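Beneath this line is the structure, given in structure tokens, with notes to follow.
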Protein chains: 2
Amino acid sequence: MRGRRPRLGARGPTVADVARLAGVSPMTVSRVINTETSVLPATRDKVRTAIATLGYVPNLAARSLAGGQQCRIALLHANPSAAYLSEFLMGSLAQASLIDAQLIVEQCDPLEPYQALVGRLSGHRVDAVLLPPPLCDDPALLAALEAAGLPVAQIATGRPAAFAHALTIDDEEAAHRMTTHLIGRGHRRIGFITGAANQTVSAARRAGYDRALADAGLPHDPRLVAQGDFTYRSGLLAATALLACVPRPTAIFASNDDMAAAAVAVAHRGHLDVPADLSVCGFDDSAMSRTIWPEITTVHQPIADMARQATALLAGTVRERSAAREASVRHVRVAFTIRHRASDGPPPLD
Amino acid sequence: MRGRRPRLGARGPTVADVARLAGVSPMTVSRVINTETSVLPATRDKVRTAIATLGYVPNLAARSLAGGQQCRIALLHANPSAAYLSEFLMGSLAQASLIDAQLIVEQCDPLEPYQALVGRLSGHRVDAVLLPPPLCDDPALLAALEAAGLPVAQIATGRPAAFAHALTIDDEEAAHRMTTHLIGRGHRRIGFITGAANQTVSAARRAGYDRALADAGLPHDPRLVAQGDFTYRSGLLAATALLACVPRPTAIFASNDDMAAAAVAVAHRGHLDVPADLSVCGFDDSAMSRTIWPEITTVHQPIADMARQATALLAGTVRERSAAREASVRHVRVAFTIRHRASDGPPPLD
DNA sequence: CTGAAAGCGCTTACAG
DNA sequence: CTGAAAGCGCTTACAG
């Protein structure tokens, strides 16, 4: 049983190799890798030199087997915007790889009962769930997840659940700032296109618009608010209605970029120049805002970063002792910025 | 050393548990899981029952540690289209999780020298590389990857390298079929917007357009071909030029959807109805084609499926004995379909 | 067709 | 601050 053939495949150096070269035990190498403090600087440096010399890279499989640190996070999505999903994925994927968590991406079928979905997640040994919009606002899904005892992170919700982590920007404040920016440019008649009624951020954005108008002492004309649902098509209808008002608004602030792009299209169709005859602003800083021409001034949400933080929070919760879990729920507000581009300017002189 | 405390964390059932319940050895359980043939049906069923009873799910970490089947695949991307990336990711992620490969997503900085990039990949223990457009067409990158001995899969290239796997649709044929479709509708003056000159699919799509015209015996008017580079902006310029021709084309076929969307915008700006006054077709079936209104008739590429297949091919190559690698390179052509939507119709009567 | 032994590369839980 | 031992859950390479 001794002269057994070595297993196939040249593998890289291991902790044992590093330990030998550095003249320490594998345990000490492990400590250095995991940046524990209780290692003498001299020892640490020897180990680091050996790691660099050998080009050692830890074996993730072995690490998670030994550490018992398995962590599978499901990303449940039903967002029609591929751009949003892709940016979200980049953030959560990077973080997952960093902390050695496994990310499971699951497209949510709206027809599947939530009980079945949650059952499937447990079957896949999912430890936690990432919930980007619009699922983050689904009460039935949240209830099912809470009942299953799964840690959850809601991203971009206007109404964080008590049991879940939440990562949001201040949508109300962002809309307020964008509207105030337009007012500062000289606009007095600013049209607003709302988001979908079933997403909590829609109301927040609308509230920011209302407050900015009030702060500036501008009259509130209900004809200047048109209902949208975040789709381009709804933006077309809403912008058409807004531009039919007399007198015409000199600016339109849409609750997302797809609808802002639609407003630009309607303006062009009516031979209005953007921004000379009409300023248009959007929300989200999605691909659409940079694709069309002119490029749209919009509110930038750090989607990738929010995904990254949400993933880190979930992994922390999973690896925590279960007792303290409820106490550690975090509602984090991240900073937004306004991206000034080419679609806004002063109102026409008329 | 005996009464040692068990490790923390309730773990699920293991092969040992299944083996005990089924009255077989762990080895046999492993065989059943890996669907080896040399297990008696009766034994297999006992094991399967035990698996179902216990709700056993294999531990991936242990499996890859023991099996030595580590496989890290890098997805190198520089594609400006988030929609493309996101769909690509869905496919490769699903396959990677299925075959227990690790996917590393790496944004390519065009300023970084390729030698450094390839060096970094080796440092991360990357075993293979997925190359979607436009990187799939970069000769310097391909050369560096080949020199490093890394298996590569090119996706959607018009010119597959001899050493690499390639997954493509027949772009020439797809463009031919779309053009022929327009001709079948009655169009005789069909404008064409080309793709970027440095991507190999651009020439293929152009060739398909040319061939369809020739097949139908239509004259080849060089003014009906406008140079684009796949951006919306270039589509705006190209469509403006095409619509200035006298007589005006009754249809425009753009080499991607962003440019087709731009053509729709230019038409609307000129008060032309789409499709009553002008038919517009695109290529790729990207999010843009379904976002704008009217929705665009386009060529559907199964991007997720191509990514899935490419990932599977690479994993196969990595796990192969190195000797046979070169012999196993595969150039696969997958089927495309035409998605008929609302942007095309017969030419106007006059 | 089935099984006993060894080992994958790392970390936990102790002990000193 | 450092190390020797055991074990994570599975598969490989044999042997029967």
Side-chain angles (χ1 to χ4, degrees), chain A residues 1-20 22-47 51 54 56-71 99-100 102 125 319 321, chain B residues 1-20 22-47 51 54 56-72 100 102 125 319 321:
Chain A
M1 219 70 356
R2 217 166 289 142
R4 182 169 291 231
R5 231 206 280 157
R7 295 209 177 177
L8 277 160
R11 299 180 176 215
T14 70
V15 274
D17 300 320
V18 175
R20 208 171 303 124
V24 299
S25 75
M27 197 49 244
T28 299
V29 174
S30 171
R31 286 195 180 96
V32 173
I33 296 167
N34 294 289
T35 60
E36 268 184 45
T37 47
S38 68
V39 178
L40 283 179
T43 314
R44 188 171 17 82
D45 291 343
K46 273 194 301 185
V47 173
I51 287 176
L54 259 27
Y56 168 77
V57 180
N59 180 319
L60 295 183
R63 201 196 272 225
S64 75
L65 216 210
Q69 302 253 320
Q70 316 244 38
C71 179
I99 57 182
D100 193 18
Q102 199 186 339
R125 288 252 183 97
R319 286 166 182 172
R321 299 294 162 261
Chain B
M1 224 63 4
R2 218 165 290 140
R4 182 168 291 230
R5 230 205 281 156
R7 295 207 176 179
L8 279 158
R11 298 182 176 214
T14 69
V15 274
D17 299 320
V18 176
R20 209 171 302 124
V24 300
S25 75
M27 196 50 245
T28 298
V29 175
S30 171
R31 285 196 181 96
V32 172
I33 296 166
N34 294 288
T35 61
E36 268 183 46
T37 46
S38 67
V39 179
L40 281 180
T43 315
R44 188 171 17 83
D45 292 344
K46 274 193 301 183
V47 172
I51 287 176
L54 260 28
Y56 168 77
V57 181
N59 180 319
L60 295 184
R63 199 195 271 224
S64 76
L65 218 210
Q69 301 251 320
Q70 318 243 36
C71 180
R72 319 187 107 191
D100 193 18
Q102 199 187 339
R125 290 251 183 97
R319 286 165 182 172
R321 298 297 161 260

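To find a chain, count down the sequence lines: A is the first, B the second, and so on, and within it residues start at 1. The figures that follow rest on heavy atoms only: side chains count, while hydrogens, waters and symmetry mates do not. Quick caveat: nothing in here was measured; it's all calculated off a predicted structure.
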Between [options], which nucleotide gets closest to the side-chain atoms of [X]?
X: A/Arg31; options: C/dT2, C/dA4, D/dT2; answer: D/dT2
X: A/Met27; options: D/dC8, C/dC1, D/dG3; answer: D/dG3
X: B/Ser38; options: C/dG9, D/dT2, C/dC1; answer: C/dC1
X: A/Val24; options: C/dT2, D/dG3, D/dG7; answer: D/dG3
X: B/Ala62; options: D/dT2, D/dG9, C/dG3; answer: D/dG9

Between [N] ([atom2]) and [X] ([atom1]): distance, integer Å:
X: B/Asp45; N: C/dC1; atom1: CG; atom2: P; answer: 14 Å
X: B/Tyr56; N: D/dG9; atom1: OH; atom2: P; answer: 10 Å
X: B/Leu65; N: C/dC8; atom1: CG; atom2: C1'; answer: 5 Å

Under 4.0 Å from OP1 or OP2 of [N]: is there any side-chain N or O of [X] that close?
X: B/Ser30; N: D/dC10; result: no
X: A/Thr43; N: D/dT2; result: yes
X: A/Thr14; N: C/dG9; result: no
X: B/Thr28; N: C/dT2; result: no

State the dot-bracket string of DNA chain C. Criteria: Watson-Crick or G-U wobble, both atom distances under 3.5 angstrom; notation: ( ) intrastrand, [ ] crossing earlier pairs, | interstrand, . unpaired. |||.||||||||.|||
Can you sort out the partners of A/Thr43 under side chain to side chain contact (heavy atoms under 4.5 Å, CB included), two or more places apart, ordered by chain and number? A/Val24, A/Thr28, A/Val39, A/Leu40
5' precedence on DNA chain C between B/Gly23 and A/Val29 (nearest-nucleotide basis): B/Gly23
Looking at B/Asp45 and B/Ala42, would you say the former's side chain and the latter's main chain have a donor-acceptor pair under 3.5 Å? no
